[in-house]
*Asks:* 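Quick one: this structure, given as structure tokens, is what I'll be asking you about.
As the structure lists them, so they are numbered: ligands from 1, and atoms in each ligand from 1. What you see below is based on every heavy atom in this structure, not just the backbone, and it leaves out hydrogens, waters and symmetry mates.
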Amino acid sequence: MVDAERIVEKLKDLRRQGADRDELLRVAVEEMEDGVDRYDWVGVYLLDGDELVLHSYVGAPTEHDRIEVGVGVCGTAVAEERDINVPDVTAVDNYLACSTETKSELVVLIRHPASGRIVGQIDIDSHREDAFEEADRKELRVIADWLGGHF
Ligand code: SME
């Protein structure tokens, strides 16, 4: 499990030292991926109009660096305005495969705190089936909420 409190404290320190949003997002994905075996690919997509654009990631390179809202797990999360936990990606019709090794996926939306507007998402892939629990989402939500305050 990620330790959201520790990661947010680290991000706050970096912010105090003058880190910009791009650096905060880069460090956030590194910290979230580090030390959790179940997390094989961790990325942040930002919403640009009706497209999600990959900002930062740790893991294998992906061809899905731009995803339309409504497409795939990532685009569906935005279209339906909800976090999505997919225990078995083979069961999803419009799943976009980044890697044949991926078995499960979790998307946690990043929202601007004042307006509630969706600004992006944290996307995590696992090579294990059913890798994510509600506790993962809760920790990641803390990080997503902090990041959302910087848009
Ligand atoms: N699987 C995602 C695409 C992004 S990759 O997992 C990095 C989807 O179906 O939207």
Side-chain angles (χ1 to χ4, degrees), residues 1-4 7-8 10-11 19-113 115-151:
M1 199 71 58
V2 295
D3 181 347
I7 293 174
V8 167
K10 176 161 188 165
L11 295 172
D20 62 9
R21 192 184 72 192
D22 290 335
E23 189 180 350
L24 295 173
L25 292 173
R26 274 195 296 274
V27 173
V29 296
E30 283 165 13
E31 291 290 328
M32 287 186 278
E33 198 276 341
D34 192 34
V36 186
D37 286 347
R38 291 173 291 127
Y39 296 4
D40 292 296
W41 190 96
V42 178
V44 165
Y45 286 88
L46 298 184
L47 190 59
D48 179 13
D50 59 1
E51 247 187 356
L52 287 160
V53 180
L54 185 57
H55 181 283
S56 300
Y57 69 94
V58 177
T62 174
E63 63 188 274
H64 300 298
D65 55 354
R66 300 182 90 87
I67 300 172
E68 264 182 65
V69 170
V71 176
V73 176
C74 295
T76 300
V78 176
E80 296 183 359
E81 301 188 18
R82 63 185 180 100
D83 298 340
I84 298 184
N85 180 0
V86 180
D88 174 9
V89 295
T90 64
V92 175
D93 283 346
N94 67 355
Y95 170 68
L96 300 173
C98 281
S99 155
T100 51
E101 287 185 289
T102 299
K103 302 277 196 308
S104 57
E105 177 163 358
L106 176 65
V107 172
V108 177
L109 295 174
I110 303 173
R111 292 172 186 270
H112 187 268
S115 63
R117 179 174 56 93
I118 296 169
V119 294
Q121 63 184 220
I122 298 167
D123 178 28
I124 305 192
D125 290 356
S126 178
H127 297 171
R128 301 184 200 180
E129 251 185 56
D130 200 9
F132 306 103
E133 300 170 4
E134 179 59 12
D136 290 282
R137 197 184 70 83
K138 275 193 180 156
E139 289 293 301
L140 295 164
R141 163 115 330 277
V142 172
I143 298 167
D145 287 347
W146 189 83
L147 290 171
H150 294 81
F151 285 81

*Asks:* Is it true that Glu134 and Arg137 have a side-chain N and a carboxylate O under 4.0 angstrom from each other?
*Replies:*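 Salt bridge flag = yes for Arg137 with Glu134.
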*Asks:* Distance under 4.0 Å to a non-hydrogen atom of Tyr45: what atoms of ligand 1 satisfy this?
*Replies:*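 Here the atoms of ligand 1 in question are 4 (C), 7 (C).
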*Asks:* For residues Glu105 and Val107, report the shortest heavy-atom separation together with the two atoms involved.
*Replies:*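 In terms of heavy atoms, the two residues are closest at OE2-CG2, 4.1 Å.
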*Asks:* Quick one: are Asp40 and Ser126 in side-chain contact, heavy atoms under 4.5 Å?
*Replies:*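 Sidechains of Ser126 and Asp40: in contact.
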*Asks:* Answer yes or no: is there a side-chain heavy-atom contact under 4.5 Å between His64 and Tyr45?
*Replies:*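 SC-SC contact between His64 and Tyr45 confirmed.
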*Asks:* On a heavy-atom basis, which atom in Lys103 and which in His127 lie closest, and how many Å separate them?
*Replies:*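 For Lys103 versus His127, the nearest heavy atoms are CG-O, 2.9 Å.
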*Asks:* What protein heavy atom sits nearest atom 6 (O) of ligand 1, and how far off is it?
*Replies:*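 In this structure, atom 6 (O) of ligand 1 has Asp125 OD2, 2.8 Å as its nearest protein heavy atom.
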*Asks:* Short N/O distance, under 3.5 Å, between Val73 and ligand 1?
*Replies:*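 By distance alone, the answer is yes.
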*Asks:* Decide whether an N or O pair under 3.5 Å exists between Glu105 and ligand 1.
*Replies:*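 Between Glu105 and ligand 1, an N or O pair is found under 3.5 Å apart.
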*Asks:* Which atoms of ligand 1 have any heavy atom of Asp123 under 4.0 Å away?
*Replies:*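 The atoms of ligand 1 under 4.0 Å from a heavy atom of Asp123 are 4 (C), 5 (S), 6 (O), 7 (C).
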*Asks:* Considering only heavy atoms, does Tyr57 approach ligand 1 within less than 4.0 Å through its side chain, its backbone, both, or neither?
*Replies:*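 For Tyr57, there is no contact with ligand 1 at all, from either part.
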*Asks:* Report the nearest protein non-hydrogen atom to atom 3 (C) of ligand 1: residue, atom name, distance rounded to 0.1 Å.
*Replies:*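 Heavy-atom neighbour on the protein nearest atom 3 (C) of ligand 1: Leu96 O, 3.5 Å.
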*Asks:* Which ligand 1 atoms are under 4.0 Å away from a heavy-atom of Cys74?
*Replies:*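 It comes down to these atoms of ligand 1: 2 (C), 3 (C), 4 (C), 8 (C), 10 (O).
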*Asks:* Among all protein heavy atoms, pick the one closest to atom 4 (C) of ligand 1 and tell me residue, atom and distance.
*Replies:*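 I find the closest protein heavy atom is Cys98 SG, 3.2 Å.
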*Asks:* Check each of Glu30, Glu31, Glu23 against Lys10 using the salt bridge (Lys or Arg N to Asp or Glu O under 4.0 Å) test, and report the only one that passes.
*Replies:*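 Exactly one candidate clears the test, Glu31.
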*Asks:* Can Met1 and Asp136 be said to form a side-chain contact (heavy atoms from CB on, under 4.5 Å), step by step?
*Replies:* CA-CA 6 Å; Met1 199 71 58; Asp136 290 282; 3.4 Å; yes
